[in-house]
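Some notes on the structure that comes next.
Not measured: the values here are computed from a predicted model.
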Amino acid sequence: MQITSRFTIAVHMLLCMEVFQEEYKVTSEFMAFSIGVNPVIVRKLLSQLKDAGLAEVRRGPGGAVPARPLDEITFLDIYRAVDCIGENTLFHFHENPNPDCPVGKNIHRILDGRLAQVQDAMERELESITLGMVKAELK
């Protein structure tokens, strides 16, 4: 199982907004060219980033810009904004384990807490990384 590319595309978009905002009008077409995707994908993600308070779109010559300083936007913010996971759970549990099987009847009890630990650890790591840290590595 993989997290969709929406997350990495959204990171790319926010970095483009920051890096190019003084030189260019950062539009969905502009970002799509940098990312190598259809502008429709960028527009959908831009809407999600706006709804989460991570991006703004300025009318006229403004274009898209980050809504906050990059040091205040974490990977976890972006991850949550673009709906990388459904129902706020990283792991989707199979629907009907057999209650007559010794494994099936115990699988939720055995795994639920451990899977929650894994997700919590991943989210802590995502929260520890800001876009400012990533931008500093651009050359």
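With contacts defined as side-chain heavy-atom distances shorter than 4.5 Å, the pair Tyr79/Met122 qualifies. Residues Leu131 and Ile78 are in side-chain contact: their nearest non-hydrogen atoms beyond the backbone lie under 4.5 Å apart. Between Met17 and Leu46, the closest side-chain pair of non-hydrogen atoms falls below 4.5 Å. Residues Glu18 and Leu15 have side chains not in contact (no heavy-atom distance under 4.5 Å, counting atoms from C-beta outward). The shortest side-chain heavy-atom distance between Thr130 and Ile73 does not fall under the 4.5 Å cut-off. Side-chain contact between Arg43 and Ser47 is absent, with no heavy atoms from C-beta onward closer than 4.5 Å. Between Val134 and Ile129 the shortest side-chain heavy-atom distance falls below 4.5 Å.
When all heavy atoms of Leu14 and Pro66 are compared, the closest pair comes out as O-CG, 4.0 Å. Counting all heavy atoms, side chain and backbone alike, Asp71 lies closest to Gly132 at OD1-CA, 3.2 Å. Nearest heavy atom pair, residue Met31 against residue Ala64, reads CE-CB, 4.1 Å. Minimum interatomic distance between Pro97 and Gly104 (heavy atoms only, all atoms of both residues): CB-O, 3.5 Å. Across all their heavy atoms, Val26 and Cys16 have their closest contact at CG2-O, 4.1 Å. Taking both residues in full, the closest heavy atoms of Val40 and Asn38 are given as N-OD1, 2.8 Å, listed atom of the first, atom of the second, then distance.
Summarising the geometry, atom CE belonging to Met13 is positioned 10.5 Å from atom CD1 belonging to Ile41; distances are rounded to the nearest 0.5 Å. In this structure, Leu45 CG and Phe7 CZ are separated by 12.0 Å, a value rounded to the nearest 0.5 Å.
Residues Phe33 and Val65 do not share a hydrophobic cluster, defined by chaining ILVMFWY side chains whose heavy atoms lie under 4.5 Å apart.
In this structure, Lys105 places its NZ atom where only 12 or fewer heavy-atom neighbours from other residues, nucleotides or ligands lie under 6.0 Å away.
Sorted by first and then second residue, the salt bridge (Lys or Arg N to Asp or Glu O under 4.0 Å) pairs with a member in residues 46-63 read Glu56-Arg58; sequence neighbours excluded.
Tyr24 and Phe30 have tilted rings, their planes meeting at an angle from 30° to 60° on a 0 to 90° scale.
The backbone N or O of Ser5 lies less than 3.5 Å from a partner atom in the side chain of Thr8, making a donor-acceptor pair. Judged by distance alone, with hydrogens and angles left aside, the side-chain atoms of Asp77 form a donor-acceptor pair with the main-chain N or O of Thr74 at under 3.5 Å.
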